[in-house]
Amino acid sequence: MKVNVLPAGYHIENFSTLLTAVARQYSDLLSESEITLHRRFAECSYEAKSLYVRLLTRKGPLFRIDKIQYQDIKTPRDALAELRLLNLVRENPPAETEELCHLFTKAELLRLVTVTGASDSKLQPHKQLQQLRKPDLIATIDEHFCRDQLSAIITSAYPYVAPAYTEEFETYRICFFGNDRQDLTEFVITDLGHLKYESYPLNKSVRYFTDRKQIENQLAYSRLRQQLLDKSISEDANTLFILANQLPEPNQHPALERRYQNLMNTVARQLERLDAYEQALTLYRRCQQHPSQERQARILKKHAEFEASLALCTELKNSTHPEEKEFALRFIPPLEKALGIASTSATGHSQPLAANHPIIQTDLTLPKSELSVELSTAIALSSPTQDCYYVENTLFCSLFGLLFWDIIFTPIRGAFINAFQRGPLDLFSEHFYRDRKIQIDQRLDQLQSDQWQSTVIHHFETRQGIANYFVNWAVINATLLEHCFTSIPRTHLQKIFQQILQHPGFFSSGFPDLIRFHRTSSPDTRYDLIEVKAPGDKLQANQKRWFQFFAQHQMPAQVLWIKWQDHD
DNA sequence: ACCGATCACACAGGT
DNA sequence: CGAAGACTGG
DNA sequence: ACCTGTGTGATCCCAGTCTTC
Ligand SMILES: [Mn+2]
Ligand SMILES: [Mn+2]
């Protein structure tokens, strides 16, 4: 791939762009110190700016002054002095032993430890310390060294700095992107040409966060997410419980609501692993989002609270979340049995997934190969009269993305908040269709004739390589599109797209592995879908759902059970 | 909703 | 030693 | 031998450098 060259000082430009955009859009919601960051940064010389951005975007959090070296910073000491004067950088701030240790390589640490006498008498000899892995070595040092003494040694021999206003920048980042996963590298990735984003107008008068409390909440959620990566926190049930409990509840913000509930589920699940079931239950009860209720039901059953578990499951039978509903139907019978009551389900021995239409299942014996089962099977099923492709979700999702491209990127209110999105914020929700119904219905009508093909081709040609959650450019190509045009009936596609539209989040996965096109001239259905199952594998819930759908609408789909050929 | 989601796969414990 | 991992800059 | 649940790895810019084991 061709890679562009970035102009000198690109990182400063990007950083300024970000700060300025947020300072304009959120001026009334920013704190005193956040505004100070913007103002002071603007006052800096080029070299000071450059250094500050470098430090801020690196992991650190501490940096040895003697290691600071950049092409574009001729006088790092001056840059540092300037930053220190503006309080944008702190010199030798107090730090945890672990952070201090990260200033050095393992070899340097060993030398430091044995040369200086700042340890207590129990420190092991050099030879043994060398055997330790670095994290363990640091833990040992933490145990046997007085932090202040260590710190004194390091600050005199190896002075270090840390960028200040990191929390303030976090606020800018959150406000700019609306999430905590994107950062300044987005600018670089797009400028280099590794990724192209669609261009859409951004309405600066619509803000993602409407009050300060929402910003604070998002910051708190990001912080907890970070903390969960830390083993010393995620292994300690009490700490986990306390952190989750003191998390502020979201206020009037669907996305924050989702993140809050996600966190609750994640922490509660971790508490389950630590056998802290009471605390897990408490957290699960603070949210409705899948799989909270399911986990509660399981915990209750595990502790023989069958009535309570059954009560929960009975509610879940009406859940709009397909997997939750399926869980309830599966989980209730054993519960009823344990309670000694007769089955309440009207269908008796209820088999919710055993549809009216049976799933076609076939066996195939293959020699074992280096390639994946799916690929081997695709090759085995290809012939002069048949072309078989391993596409999984990508084919129908890509067709969907291409057909609806312009509608997906229609700038409806609040859907686009930064320049680096692969789709509108509500793309995967049930509201995507509802809020664009007229446009979408019109587009679906194109499937009454071959008109839809021109729309797909048009977007395929003009939007080539542009990021879209639904389009996988690595898989889709003109040949594949042509196959689809000639071999898949329009009615089938219409049904599939309507299903995806019901809830793009639930129905954009679970498609069969392979599609096979038949070069026969007879009927208009000249394709079939094949889910490959190697020995030991089985249909997943979302795959079952699609198979039910295919059966209902008489679309050709089958499960192909692979057996390995004996080779002697 | 691309550092969580999505696959396949491997294993444990129950029946 | 050589491969894998962490981190960084573009 | 079956079922279900749970946990794991790979993948999602890329290349160069230093560090670790
Ligand atoms: Mn698959
Ligand atoms: Mn498969």
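Quick note on labels: first sequence line is chain A, next is B, and so on, each numbered from 1. Predicted model only: the values in this text are computed from it and were never measured.
Counting non-hydrogen atoms under 4.0 angstrom, Pro7(A) reaches nothing in the nucleic acid.
Counting to the nearest Å, the P atom of dC3(D) and the CZ atom of Arg330(A) are 13 Å from each other. Residue Asp426(A) contributes atom CG, which lies 13 Å from atom P of dA1(B) at whole-angstrom precision. When rounded to the nearest whole Å, the span between CD of Gln261(A) and C1' of dA1(B) equals 16 Å. One interatomic measurement links the two molecules: CZ of Arg269(A) to P of dT8(D), which rounds to 11 Å at whole-angstrom precision. With rounding to whole Å, Ile299(A) atom CD1 is found 14 Å from dT6(D) atom C1'. With rounding to whole Å, Arg64(A) atom CZ is found 14 Å from dC18(D) atom C1'. We find that CG of Leu132(A) is positioned 13 Å from C1' of dC21(D), with the value rounded to whole Å. As rounded to whole Å, 14 Å separates atom C1' of dT4(D) from atom CG of Leu335(A).
Under the ring-ring contact (aromatic ring centres under 6.0 Å, His included) criterion, Phe511(A) pairs with Phe396(A), Trp546(A), sequence neighbours left out. In terms of the ring-ring contact (aromatic ring centres under 6.0 Å, His included) criterion, residue partners of Phe428(A) (sequence neighbours excluded) are, by chain and number, Tyr469(A), Phe470(A). In this view, Phe104(A) and Tyr158(A) satisfy the ring-ring contact (aromatic ring centres under 6.0 Å, His included) rule, not counting sequence neighbours.
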Margin query: The test is salt bridge (charged side-chain N to carboxylate O under 4.0 Å, His left out); show your working for Arg64(A) and Glu108(A) and say whether it passes.
Written below: CA-CA 13 Å; Arg64(A) 270 165 60 178; Glu108(A) 288 173 328; 3.2 Å; yes

Next item on the list: Quick one: do Gln558(A) and Arg516(A) satisfy side chain to side chain contact (heavy atoms under 4.5 Å, CB included)? Show the steps, please.
Entry: CA-CA 11 Å; Gln558(A) 60 171 309; Arg516(A) 178 168 54 173; 3.6 Å; yes

Item checked: salt bridge (charged side-chain N to carboxylate O under 4.0 Å, His left out) between Arg298(A) and Glu272(A), intermediate numbers included -> CA-CA 11 Å; Arg298(A) 286 182 191 278; Glu272(A) 280 190 73; over 6 Å; no

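Here the separation of dC14(D) from dC3(B), taken at their P atoms, is 15 Å to the nearest Å. A gap of 47 Å separates the P atoms of dG9(C) and dG5(D), to the nearest Å. dA15(D) sits 27 Å from dC1(C) when the P atoms are compared, rounded to a whole Å. If you take atom C1' in dA6(C) and the same atom in dG7(D), they sit 25 Å apart, rounded to whole Å.
Ring planes of Phe497(A) and Phe404(A): perpendicular class, angle over 60° (limits at 30 and 60°). Phe177(A) and Phe420(A) have tilted rings, their planes meeting at an angle from 30° to 60° on a 0 to 90° scale.
Between Glu272(A) and Pro135(A), it is Glu272(A) whose nearest contact on DNA chain D lies nearer the 5' terminus. Judged by closest nucleotide on DNA chain B, Phe470(A) is the one of Phe470(A) and Lys337(A) placed further toward the 5' end. Where Arg422(A) and Phe331(A) meet DNA chain D, the nucleotide closest to each residue was compared, and Phe331(A) sits on the side nearer the 5' end.
Counted by atom type alone, Asp275(A) and Tyr277(A) present one or more donor-acceptor pairs between their side chains at under 3.5 Å. For Glu170(A) and Thr166(A), the side-chain atoms include no donor-acceptor pair closer than 3.5 Å. Donor-acceptor pairing under 3.5 Å is lacking for the side chains of Gln226(A) and Arg223(A).
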Notebook entry, point to check: In the 5'-to-3' direction, what one-character label does each nucleotide of nucleotides 4-10 of chain B receive under the scheme B = base within less than 4.0 Å of a protein heavy atom, S = sugar-phosphate only, - = no such atom?
Noted result: S-SSBS-

Notebook entry, point to check: What string of B, S and - do you get for nucleotides 4-10 of chain C 5' to 3' if you count protein non-hydrogen atoms under 4.0 Å?
Noted result: ---SSSB

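Within the structure, every side-chain polar atom (N or O) of Arg273(A) is placed at least 4.0 Å from both OP1 and OP2 of dT6(D). At least one side-chain nitrogen or oxygen of Lys134(A) sits closer than 4.0 Å to the OP1 or OP2 atom of dT20(D). Residue Arg259(A) has no polar side-chain atom (N or O) positioned under 4.0 Å from OP1 or OP2 of dA1(B).
Under the 6.0 Å cut-off for aromatic ring centres, Tyr10(A) and Phe187(A) do not qualify, their centroids lying 6.0 Å or more apart.
Shown for residues 396-406 of chain A: no residue has heavy atoms falling under 4.0 angstrom of DNA chain B.
Summarising the local packing, CD of Glu98(A) is surrounded by 12 or fewer heavy atoms from other residues, nucleotides or ligands at distances under 6.0 Å.
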